[in-house]
Amino acid sequence: MSFWKNKKVVVTGGAGFLGAPVVEILRERGAEVFVPRRRDYNLIHLEDGLRCFAEHRPEMVIHSAAFYGGIWINQMYPAKIYYENLMMATNVIEACRLSGVQKFVGVGTACSYPGYLTGELQEDDLWNGQAHETVRNYGAVKKMMQLQCWAYKKQYGFNGIHVILTNLYGPGDSYNPDRSHVVAALIRKFVEARQNRDAAVEVWGTGRPIREFLYINDAAEAIVRAAAMYDDVEPVNIGTGIGTSIRELAETIQEVSGFAGNLTWNTEKPDGQMKKILDVRKMKAALQWQPPTSLRTGLEKTIHWYVANKNAADARE
Ligand code: GDP
């Protein structure tokens with residue numbers, strides 16, 4: 001019998017960008033998945049988490065809900081990012097413990113790593129320095145989940161894991177310019193510029209920062225694998241291990257979206273961390289897997305989806 005057959009799983013954020021494909025994969029594999037919605041259970045409050053788990057009796061909880069976004073949302077809503085993410089994670093983990101949930105999967109972020117390291121980011125470096133100032137609060141609160149799982153394991157024998165995701169992109173992302181990450185932001189800009197026959201598209205920063213981009217369905221597959229196969233309280237990175245400069249990314253999106261004009265660089269906008277690439281050796285060994293979708297293929301799929309669903313995509317928060 002497969003690991004997932006009839007397994008009862010709650011996926012917080014299960015209607016969101018990352019949660020939705022996680023839910024889809026789990027259901028395909030036979031799990032019974034419940035997705036709490038905020039109007040019914042506001043997981044910032046411990047009582048709501050307890051009520052949710054009492055009603056749905058999950059064996060596992062995958063915590064994918066978060067208030068987050070690209071570099072700009074961290075400038076606009078630092079306090080909301082701090083409060084909502086910290087309270088939600090803290091209370092969801094406590095509710096899991098009190099409800100006898102067998103496993104908790106916390107979705108973490110590469111923003112948690114020290115912001116000024118130059119090499120590939122290794123799991124052992126997670127606590128070795130301050131996150132980059134542009135994402136300090138988001139990075140810090142997300143990694144508190146890992147600390148909580150460590151403390152709960154020590155005191156209660158609780159099984160909580162922490163997966164650290166690199167930058168994600170794909171269909172279903174936020175295309176709202178205040179909130180979007182670079183891939184969604186640039187796809188929207190280039191597609192609109194082509195439609196409007198604009199002369200130029202403005203890209204933020206210098207183009208020199210290096211990022212790693214993981215296609216959303218590959219991220220979801222990695223989470224499902226980690227949920228089934230990984231039981232160590234120490235974190236595991238999830239990414240491609242491949243770095244791409246923002247300039248190269250912008251030029252690829254320009255080409256795939258068919259925009260014939262120019263790129264201009266707005267250096268008034270922040271570059272953020274100069275290099276963010278995860279060391280994925282542990283992931284490859286523990287999950288027996290690596291992400292199959294190349295950046296080019298993922299961008300083609302995403303741009304195709306965006307053009308076909310532009311109005312709905314732009315209306316999403
Ligand atoms: P980060 O990985 O947390 O820094 O988040 P982002 O995905 O928002 O930004 C990644 C890099 O892309 C940064 O160096 C940004 O300056 C750069 N970038 C270039 N153009 C844009 C844009 O239009 N929107 C966003 N969000 N980032 C952009």
Side-chain angles (χ1 to χ4, degrees), residues 17-18 66-78 81-82 85 107-117 120-121 130-143 164-170 173-194 198 200-216 219 237-240 242-254 257 259 261-278 295 298-299 302-303 306 313-314 316-317:
F17 174 44
L18 174 63
F67 176 64
Y68 75 108
I71 201 164
W72 200 245
I73 203 170
N74 284 275
Q75 319 304 311
M76 295 198 304
Y77 301 112
I81 285 176
Y82 179 91
N85 292 312
V107 176
T109 170
C111 296
S112 295
Y113 275 107
Y116 305 92
L117 293 178
E120 293 182 1
L121 303 166
Q130 179 78 277
H132 193 271
E133 61 175 329
T134 51
V135 291
R136 177 176 297 179
N137 48 335
Y138 184 61
V141 292
K142 285 296 252 179
K143 73 179 170 184
I164 300 181
L165 296 188
T166 194
N167 289 38
L168 306 179
Y169 71 98
D173 203 350
S174 170
Y175 288 81
N176 169 347
D178 287 340
R179 186 161 185 186
S180 50
H181 283 93
V182 61
V183 175
L186 294 186
I187 287 177
R188 181 168 179 170
K189 286 183 191 177
F190 281 112
V191 167
E192 289 182 350
R194 189 196 63 205
D198 293 338
V201 160
E202 182 192 284
V203 187
W204 295 355
T206 60
R208 286 201 298 272
I210 309 284
R211 293 288 181 278
E212 176 190 19
F213 300 104
L214 181 63
Y215 188 61
I216 192 66
N237 287 337
I238 306 289
T240 62
I242 301 167
T244 303
S245 72
I246 298 300
R247 176 178 295 279
E248 195 183 333
L249 174 77
E251 288 171 355
T252 309
I253 295 176
Q254 174 179 28
S257 57
F259 171 66
N262 297 317
L263 295 186
T264 59
W265 295 92
N266 180 353
T267 51
E268 300 290 304
K269 294 282 191 186
D271 268 339
Q273 194 160 336
M274 284 317 285
K275 185 172 169 190
K276 201 156 55 178
I277 307 173
L278 299 178
L295 180 58
L299 288 175
T302 308
I303 292 169
Y306 178 72
D314 293 350
R316 263 180 99 110
E317 203 188 304

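Predicted model only: the values in this text are computed from it and were never measured. Whatever order the structure lists ligands and atoms in, that order sets their numbers, starting from 1.
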Original post:
Partners of Asp314 by salt bridge (charged side-chain N to carboxylate O under 4.0 Å, His left out), sequence neighbours excluded?
Top reply: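 Scan of Asp314 (salt bridge (charged side-chain N to carboxylate O under 4.0 Å, His left out), adjacent residues dropped) gives Arg188, Lys310.
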Subject >> Non-hydrogen atoms of Ile238 and Leu278 that approach each other most closely >> reply: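 Result for this residue pair: O-CD1, 3.5 Å.
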Subject >> Smallest separation among heavy atoms of Thr134 and Ile71, with atom names >> reply: CB-CG1, 4.0 Å
Original post:
Do Arg179 and Tyr68 have side-chain heavy atoms sitting under 4.5 Å apart?
Top reply: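 Arg179 reaches Tyr68 side chain to side chain.
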Please tabulate, one line per pair, the protein N or O atoms found under 3.5 Å from any N or O atom of ligand 1, giving the distance to one decimal.
from, atom 1, to, atom 2, distance (Å)
ligand 1, 2 (O), Asn167, ND2, 2.9
ligand 1, 2 (O), Arg211, NE, 2.7
ligand 1, 2 (O), Lys276, NZ, 3.2
ligand 1, 3 (O), Lys276, NZ, 3.3
ligand 1, 4 (O), Arg211, NH2, 2.9
ligand 1, 7 (O), Val182, N, 2.9
ligand 1, 8 (O), Ile71, N, 2.8
ligand 1, 14 (O), Asp271, O, 2.5
ligand 1, 16 (O), Pro270, O, 2.6
ligand 1, 20 (N), Trp204, N, 2.9
ligand 1, 23 (O), Lys189, NZ, 2.8
ligand 1, 26 (N), Ser180, O, 3.1

Sequence neighbours left out, cut at 3.5 Å: what donor-acceptor pairs do the side chains of residues 135-142 make with other protein atoms?
from, atom 1, to, atom 2, distance (Å)
Asn137, ND2, Pro78, O, 2.8
Lys142, NZ, Val107, O, 2.8

**OP:** Report the residues that fulfil side chain to side chain donor-acceptor pair (under 3.5 Å) with His181, sequence neighbours left out, ordered by chain and then residue number.
**Re:** none
